[in-house]
Amino acid sequence: MKFGVIRFPGSCDEVDALDAAARIGEAVILWHRDRDLQGVDAVIVPGGFSYGDYLRVGAIARFAPVMEEVAEFARAGGLVLGICNGFQVLCEARLLPGALLPNTSLRFVCRQVSVEVARAGTPFTGACAVGQHLSIPVKHTSGRFYAPEPELDRLDSGGQVLLRYAPGENPNGSLRDIAGVCNETGNVFGLMPHPEHAVDRLTGSTDGLKIFESMRAHAADRVLV
Amino acid sequence: MPPTASSSSSSRHRALGLTDDEYELILERLGREPNGVELAMLSLMWSEHCAYKHSRKLLRRLPTDGPHLLMGPGENAGAVDVGNGLAVAFKVESHNHPSAVEPFQGAATGVGGILRDVFAVGARPIAVLDSLRFGEPAESARSRYLLERVVAGIGHYGNSIGVPTVGGEIYFERSYEQNCLVNAMCLGIAPHARLTRAAAAGPGNVLVLLGALTGRDGIGGASVLASAELGEGDEAKRPSVQIGDPFAEKKLLECCLELLDRELLVSLQDLGAAGLTSSASEMASKGGVGLDIDVSRVPLREEDMEPFEIMVSESQERMLCVVEPERVGAVIDVCEKWETLATPIGCVTDSGQVRVLDHGVAVGELAVEVLVDDCPLYDLDPAPPENPAALYPPVDARLSGAESPAEILLELLRSPNIASRRPVFEQYDPIVQSRTVRRPDAADAAVLMLGDGGAIGVSIDGSGRRVACDPRAGAAEAVYECSANLACVGAEPLGLTNCLNFGNPEKPHVAWQLTEAVDGMAEACEALGVPVVGGNVSLYNEAPTGPIFPTPVVGMVGALPSAERAGQLGFAAPGDAIALVGYFEHSLVGSELAKLRGEAPTGSLPGLDGTLLRDLHAAVRDAVRSGAVSSCHDIAEGGLTVALAECCLAGDLGASVELAAAGEPGLFGEAPGCAFVVSGPAERLEAAGLPRLHVIGQVGGDSLSLTAGNLELNLAVSDMRVARDGGLAKLV
Amino acid sequence: MRARVLVRPKQGILDPQGQAVERALPALGFAGVSHVHVGRLIELDVEDPDQLPDMCERLLANPLIEDYEIVDADAAVGS
Amino acid sequence: MRARVLVRPKQGILDPQGQAVERALPALGFAGVSHVHVGRLIELDVEDPDQLPDMCERLLANPLIEDYEIVDADAAVGS
Ligand SMILES: Nc1ncnc2c1ncn2[C@@H]1O[C@H](COP(=O)(O)OP(=O)(O)O)[C@@H](O)[C@H]1O
Ligand SMILES: [Mg+2]
């Protein structure tokens, strides 16, 4: 399993994502100006403040040359995981539904939160059980997931909501407590919590590893098929 | 020399903050009148901020050598060896006046500035800490506003650049109402070989300016501001606010580290106060060379800037480096990769002069010596205040003296100086870079893994109120408290940095506070064997109502053999014994309780025996490292009772404690650096060799119950939590 | 042309910034203020104003959450 | 009155957002764009428009680093 982690100018959590992925498989950095995805099995769009988050979170990064390749890769069914700023970039790039608005508190918030697995058995939650709680930190200023009501209904009925903040844990005012959603085909997933910051008992919890393990299992299955 | 200088130039130098005597000295050294460019440069280099006129002599009293020292004061940041070929560089710096003028940008650029100091020496920043002081939030809307905007500004810069903010401290006292303090500390790591000095070398080498465009930011700003009291007229100083751009600095940081890794630079220096003038002068002075700078080559944000403006601009996110001519191309390539401007603007010479050119024509020429060394250093004229009680009038009493211990404890837990800092630290990212083993609230010091199995602990402390009571003992206490905090996580001190925040040193009682505090700090450092690797001084923090509390802020870094064994402050398991360890002298002088009772900060603090404390901290550290204690917390603000409550809250466990009759001073007296509350299995505690260990109770249940002679209290952990969580939350 | 692009949150989407301003104003003694919304202002010189709508759709605004309006700054008059 | 307050970085003050947009546009194929500045747009109903300048000075803008302009939204016309 080979993960590729994109580095934009202003990425901050790309090394954390690289190290987390390297616990599960091989992991390489993909430079924002390069169009070569180096044959990776999955792309991680990491957290941070790509392009300073200026104008609107994720708005400028989605035009980086590498993102054209990521869009192509996603269309071909490749696994793409967007974490925090990466989630925002994927929404801006229309690879994921919805948008991430400023937290209702209007403040940056870093907090260990409990998220509930809303759907298991996907490429990103295969190693989890429905209803399972994962302890994973969030840290962002714009994490309030928004989509128009009909779209939210579609996401719910289509099983695209994979993670929700546990009751009382919603840190940002996300509609329907949505913490992470995938696209219709299930191969692109974005979430505000940082699973790469929950991979070591010493620095917090290890619950985030479940996401990376799920991706590895999925990739392994695909190779077998 | 007769007063021949024309009146126009004499009023000019005064407006720029130079005294007549200083100006005379300049005339004498130059043998002529300086032109406008030169005068602008000199006035900044001879400002308090750059020349340390009133503090340099005192600073010589601080011990600066130690077994782990790699780089001491004089470089952009000091550095200590942490083993395995790794160095930790660190420094604390103030951005008090800019933050008072524009709190968000002032605090943000303060963080940006200290980050640059750390990566200027070749270290990758791995942590930021902040030490903040504001007026009383309950009585001052302005203090609440400053708190909110300063915290947002620090978070904005640190979070955006991907450096975790892992700790800090905040106190609220009326003396800071007009002069808030915003001190930021940064730590970085580097392989020894990457540590870089600022000395320019090699005549013929090229001077390359890296980073942001140069605009009119801070012209007449930080340097002048930091050297004059902020009075009613601070509106006039406003148009020069610097704006921070963490995105630009992130690219600049990665760019500089790559340049150093590729060994493309001879030397590197950040641009801070006084911009190009200060950076160039410092680099030339340290290298014993001269520099030519052509201001017409400096890329500008505004087209019509004068040479003097370019030389003193404090635009952020810029660095200056010396490059061998054949490597300039390679340097520009790396900068292009990181979307960072790199512009050759001059060269190293053997002239011993800083020459400023405009399109090749000299517009200023000053000997490096005159810029850097010739500014007069002043002796202080210290005298203790005649009426110490009048210096800092107390705030209105919130406690009458008739309250029960439980009522006192709840009021202390609610006090803004003790209440939970969560509303603040939740606005910071403490976990990026995946090193943080102890986040805020988990232990007395932050703990960071180094990637080689080892770890470091870091703490920042300084209680102005206690220093106001007793400057010498109070400043020593700040050092001991840092060391004690490190002991709580199992870290051995390697070095410290400090920021001396004081009032107007030309006033005898402030000079006395400063002198006493530096002496106290020096004594404590000597006793602990910890060198001062660098620091910063911020003077003239004074309002018409008087000076701030004398506030030496100490930041200390220590090493742990293993992150696995890092200590924590929360009680760990029901049934564990609780013990008091160390030298706990019962006194309410300078305590939070005394403040809540409306008492002025006066009286002497217990004198501390540094040798005893060094051994105490070593024993505590060993007990933490060996696992003999499961939790460890020092007894600071609010005394033993608050310390016990904090251990209960952090561990979400109750405790029952029985003390010998000790009266209120025993329950609420403070002993920073001298005494600890530890817990663990009784037999292990007793076998740990901890000095003056007294088992005082047991962990368990869901309330804290305590008896001490005829005093007793019993409070549910949940009630204590409500009190402690609410204190600040309703203010921010 | 000097153009102004006014970007505002779409109707019906919670606008906490607008609410914060609306709450803060009475505390400062300003009464009678309502329906406050906070958005973004982008000012730019463009050689080809026909490109503006496309720029807005693709970069300056996010049509899912924001409405935008293009104003000729030279023609606009303050009150 | 429905008022619009346009808040923009003061002349000469660093505007990192404007710079970022200016650099991004050519990469998207939009040439000939310059002097980009990003600010804030505040729209509000006020009973007493005379209060607006004071509101701007005290809350809506930071006069230290920002200029503001008050526009009557009912009178303003888009292009
Ligand atoms: N209180 C202090 N204790 C020890 N060293 C100090 C102190 N204040 C300043 N220094 C040292 O003096 C030098 C100049 O400080 P400063 O002007 O703040 O440096 P910079 O311009 O790099 O920010 C630095 O090396 C700093 O570490
Ligand atoms: Mg420096």
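Proteins get letters first, then strands, A, B, ... in listed order; numbering begins at 1 in each. Just so you know, these numbers use all the heavy atoms, side chains as well, and skip hydrogens, waters and symmetry mates.
Only the side chain of C/L60 has a heavy atom closer than 4.5 Å to any heavy atom of chain D. Of the two parts of C/V7, only the backbone, made up of N, CA, C and O, holds a non-hydrogen atom closer than 4.5 Å to a non-hydrogen atom of chain D.
With sequence neighbours excluded, the residues forming a side chain to side chain contact (heavy atoms under 4.5 Å, CB included) with D/Q51 are C/F30, D/D48, D/M55, listed by chain and number.
Put simply, the side chain of C/E66 gets close to the backbone of C/N62: a donor and an acceptor are under 3.5 Å apart.
Counting heavy-atom pairs closer than 4.5 Å to chain C, the top residue among D/S34, D/G18, D/A3 is D/S34. Residue with the most contacts toward chain D among C/H37, C/Q17, C/R58: C/H37 (heavy-atom pairs, distance under 4.5 Å). Ranked by non-hydrogen atom pairs under 4.5 Å with chain D, the options C/D45, C/L44, C/V38, C/L59 are led by C/D45.
A salt bridge does not link D/D67 with D/R8: none of the charged nitrogens is closer than 4.0 Å to a carboxylate oxygen.
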With a 3.5 Å cut-off and sequence neighbours excluded, list the donor-acceptor pairs that the side chains of residues 20-27 of chain D form with protein atoms.
| unit_1 | atom_1 | unit_2 | atom_2 | d |
| --- | --- | --- | --- | --- |
| D/E22 | OE1 | D/H35 | N | 3.3 |
| D/E22 | OE1 | D/V36 | N | 3.0 |

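Counting heavy atoms from C-beta on, the side chains of D/L41 and D/V5 never come closer than 4.5 Å.
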